[in-house]
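Keep in mind that this is a model prediction, so the values were computed, not measured. Whatever order the structure lists them in is the order used to number ligands and atoms, beginning at 1.
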Amino acid sequence: MTSILKDIAADLKNSRYAVAFTGAGISAESGIPTYRGEGGLWTKYDPTLYASINYFLQDPSYYWNFFREVRYPMLKKVKPNPAHLALAKMEQVGKLRTVVTQNIDGLHQEAGSSSVIELHGTTRVISCVKCSLPYTIDQAFTFMQEECPPICPECRGVLRPAVVFFGEPLNPQILHMAYEEAANCDFLLAVGSSLVVYPAADIPLRAKQGGATLVIINKDPTPLDDLADYVIHEEAGKVLPLVVMSPENM
Ligand code: NAD
C-alpha cells in the first residue's frame with residue numbers, strides 16, 4: 001500500500017462524518033460507458049436527441065429506441081464492481097454516512113449501500129407523465145413490444161424514466177439533502193466524476209469550503225484537483241478496495 005493510500009485511510013478512520021460523491025467513472029468498470037472522454041456515450045449518441053427534455057417532449061420515441069437498443073440491455077447485464085462494493089463496505093463498518101451520486105444506474109444500492117442520494121434520478125424507475133403511475137423497466141420494455149413510445153395502460157399517457165433530463169431542474173429537496181451532507185461532512189471522497197456538471201459538482205466544492213478533507217479519485221484530472229487534499233488518477237475499482245481493506249480501517 002502506497003503512503004498516499006495509508007494517509008487517506010488514516011484520515012477516513014479519524015473522520016467524524018464521511019461522505020462519498022460519485023459520478024459515471026465509478027460505473028465504467030461495470031461496463032457502463034461515461035458520457036465524456038474516450039469511448040464516452042456522447043461520442044456515439046447526441047445528447048440533444050437522447051437526453052434533453054425538449055427533444056423528449058417533441059419526440060419521445062428517440063429516447064425509447066435508445067432505451068430499447070442500449071440502456072435496457074446494459075442495465076440487465078451490469079453488476080456492481082469492486083469500487084461500489086468498497087463504498088457499501090465502508091457504510092457497513094460505520095465509516096461512511098452517505099453516497100451522493102450523479103449516476104442513474106442503481107449500482108450503489110445493488111452493491112449494498114443503503115443511504116444513497118441520487119441527484120439525477122434513476123433509470124430503474126419509469127412513470128407516466130400524465131397520472132404518475134410507476135412501472136419497472138421490464139414493464140416498460142414489455143409495453144414497447146406493442147408500441148413505441150411505451151404508453152400507460154391506465155390513462156394512455158407517455159411513459160418517462162425517473163431521470164433528470166438536460167434542461168430540467170434538479171429536484172430541490174434532493175439537492176437540499178445533498179447540500180446538507182456537504183455541510184455536515186468532514187471527509188469527502190469524490191470518485192469517478194469529471195466534476196464539471198453543476199450543481200452536482202458543488203457538493204465536493206462546498207464540502208471543501210466547509211473545512212472537509214477532500215479526496216479525488218478519478219482517472220483524468222478535474223478542475224477541483226488543485227483544491228483537493230489528496231488526488232489519485234487511477235481506476236476506482238483498483239484504489240477504493242485498498243482504502244477499505246487498509247489496517248487503518250479494520
Ligand atoms: P463524466 O462522464 O463527465 O466523467 C466521468 C469521469 O470518470 C471522467 O473524468 C473519467 O476520467 C473518470 N473515469 C472513467 N473511468 C474511471 C474509472 N474506472 N475510475 C475512476 N474514474 C474514471 O461523468 P460525471 O462527472 O458523472 O457527469 C456526467 C453525467 O452523466 C452525470 O450527471 C450522470 O448523471 C450521467 N451519467 C451517468 C452514468 C451512470 O449512471 N452510470 C453513466 C454516464 C453518464
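For the pair Asp138 and Lys76, the salt-bridge criterion is met [side-chain N within less than 4.0 Å of a carboxylate O]. Electrostatic pairing of Glu110 and Lys79 counts as a salt bridge here, judged by a charged N lying under 4.0 Å from a carboxylate O.
For the pair Pro33 and ligand 1, a heavy-atom separation below 4.0 Å is found.
Using a 4.5 Å heavy-atom threshold, the side chains of Asp202 and Phe21 count as separate.
In this structure a side-chain-to-backbone donor-acceptor pair under 3.5 Å is present from Lys95 to Lys13.
Other residues, nucleotides and ligands place more than 12 heavy atoms under 6.0 Å from the CD atom of Gln145.
When heavy-atom distances to ligand 1 are checked against a 4.0 Å cut-off, Glu29 comes that close only through its side chain, counted from C-beta outward. The side chain of Ser27, and not its backbone, has at least one atom closer than 4.0 Å to an atom of ligand 1 (non-hydrogen atoms only; side chain from C-beta on). The backbone and the side chain of Glu235 each have at least one atom closer than 4.0 Å to an atom of ligand 1 (non-hydrogen atoms only). In Ala24, the parts holding a heavy atom less than 4.0 Å from any atom of ligand 1 are both the side chain and the backbone. At a heavy-atom distance under 4.0 Å, atoms from both the backbone and the side chain of Ile104 approach ligand 1.
Short contacts between ligand 1 and Gly23, defined as distances under 4.0 Å to a heavy atom of the residue, involve ligand atoms 26 (O). Which parts of ligand 1 touch Glu234 is read off a 4.0 Å heavy-atom cut-off, strictly below it: atoms 19 (N), 20 (C). Near Ser193, the atoms of ligand 1 lying under 4.0 angstrom from a non-hydrogen atom of the residue are 6 (C), 25 (O). Of all the atoms in ligand 1, the ones that sit under 4.0 Å from a non-hydrogen atom of Asp220 are 10 (C), 11 (O). Near Ala28, meaning under 4.0 Å from one of its heavy atoms, ligand 1 places the atoms 15 (N). Of all atoms in ligand 1, numbered sequentially from 1 with element shown, those under 4.0 Å from a heavy atom of Gly192 are 5 (C), 6 (C), 7 (O), 21 (N). Counting atoms of ligand 1 from 1 in the listed order, those under 4.0 Å from a heavy atom of Val197 are 27 (O), 28 (C).
Evaluated for a side-chain hydrogen bond (donor to acceptor under 3.5 Å, both in side chains) with Tyr230, the options Thr213, Asp7, Asp11 yield exactly one hit, Asp11.
Ring orientation note: the planes of His84 and His108 are nearly perpendicular, at an angle over 60° on the 30°/60° scale.
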With a 3.5 Å cut-off and sequence neighbours excluded, list the donor-acceptor pairs that the side chains of residues 155-162 form with protein atoms.
residue, atom, partner, partner atom, Å
Arg156, NH1, Glu147, OE2, 3.3
Arg156, NH2, Glu147, OE2, 3.4
Arg160, NH1, Glu168, OE2, 2.9
Arg160, NH2, Val163, O, 2.7
Arg160, NH2, Glu168, OE1, 3.0

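Within the cation-pi definition used here (under 6.0 Å to the ring centroid, within 45° of the axis), Arg68 does not qualify as a partner of Phe141.
When ring centroids are compared, Tyr55 and Tyr62 come within the 6.0 Å threshold.
Note: no N/O pair closer than 3.5 Å links Ile32 and ligand 1 by distance alone. Considering backbone and side-chain N/O of Lys219, one or more are found under 3.5 Å from N/O of ligand 1.
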